[in-house]
Amino acid sequence: MTLLEFGLLVVAGFFAGLVGFVTGLASLVSYPALLAVGLPPVAANVTNTVALVAVGVGATANASSELAKDGKQLARYAAYSALGGLVGAVILLWAPEGSFERVVPFLVAFAALALLLQPKLRKLSGHREFPTLYPVALFVVAIYGGYFGAGAGVIFLALALLCTSDSIWRASILKSFFLGVANLVAAVIFAFSGEVNWLAALALAIGAFAGGYSGPPVVKIIPPTILRIAVALCGLGLAAWLMWK
């Protein structure tokens, strides 16, 4: 890898981290960047998962006070995320290629539509919370996060806003934390796969940490309705891209 390619991945990592925290679409920036510097698809996917752990680390470092609330529940849900990340990593390494990717565009599109309709759906539910459904769905999202992850943040935001009373600000922080846990567990598995390009992962992670750290202040000043609609529209665009790529 040349010094120019290393620098480009650092820059791409920063925007992936920032975009990932704000919209949950980090892989839309980072994955194509890895392909652009010459990594084959599977190596790019695995390297991307390893590097994007830094987004969650950066965001958590800048929002630790918010995560400190309700520590027991946080730890319990983190365990669901960790287990899901483990399952997703195993699926990626052992399942037939493309067996899971076929359903991904539909999952992302469904989540994006749920975000768009979130106020009406919450009203129809009587603003009830769903403490049983939430961790199970989180586990499923974490499986996808460990497997590929593009749009996993959109799916999680939809899940959190439909199943809990969390604000989009808190949901964004939890999204980065839980998906960071799933990515971390998957990264440990991938570390032994022989597919990780460690130099590319380092470059991307440097930028991703800075981008993730910059994310919480940005989200805090964006009006919640505008952020929700913007994320939903980006999610629909990602679903279309995944379907036709």
(request) Could you tell me whether a side-chain N or O of Asn183 sits under 3.5 Å from a main-chain N or O of Asn48, the two making a donor and an acceptor? (result) no
(message) Quick one, Thr47 and Leu204 - any side-chain contact, counting heavy atoms below 4.5 Å?
(response) no
(message) For the CG atom of Leu93 and the CZ atom of Phe190, what is their distance to the nearest 0.5 Å?
(response) 5.0 Å
(message) Side chains of Leu227 and Trp169, heavy atoms from C-beta outward: is any pair under 4.5 Å?
(response) no
(request) State whether the number of non-hydrogen atoms from other residues, nucleotides or ligands found under 6.0 Å of Phe110 atom CZ is greater than 12. (result) no
(message) Please check this pair: side chain of Glu195 against backbone of Val46, looking for a donor-acceptor N/O pair closer than 3.5 Å.
(response) no
(request) Write out all pairs satisfying ring-ring contact (aromatic ring centres under 6.0 Å, His included) with one or both partners inside residues 55-87, taking only residues at least two apart or from two chains. (result) Tyr77-Tyr134
(message) To the closest 0.5 Å, what do you measure between CD1 (Ile168) and OG1 (Thr225)?
(response) 8.5 Å
(request) Check whether more than 12 heavy atoms from other residues, nucleotides or ligands sit under 6.0 Å from atom CZ of Phe139, and answer yes or no. (result) yes
(request) Would you check if the side chain of Lys175 reaches a backbone N or O of Gly20 as a donor-acceptor pair within less than 3.5 Å? (result) yes
(message) Per the ring-ring contact (aromatic ring centres under 6.0 Å, His included) rule, what does the pair list look like for residues 39-62, sequence neighbours excluded?
(response) none
(request) Measure the CG-CG distance between Leu179 and Leu138 for me, rounded to the nearest 0.5 Å. (result) 8.0 Å
(message) Hydrophobic cluster membership, with links at side-chain heavy-atom distances under 4.5 Å among I/L/V/M/F/W/Y: are Ile155 and Val19 in one?
(response) yes
(request) Tell me, with the steps shown, if Phe14 and Ile206 meet side chain to side chain contact (heavy atoms under 4.5 Å, CB included). (result) CA-CA 8 Å; Phe14 173 80; Ile206 291 171; over 6 Å; no
(message) Using only atom types and a distance under 3.5 Å, with no angle test, would you say the side chain of Ser176 pairs donor to acceptor with the backbone of Phe21?
(response) no
(message) Is any side-chain heavy atom of Ser81 closer than 4.5 Å to one of Phe177?
(response) no
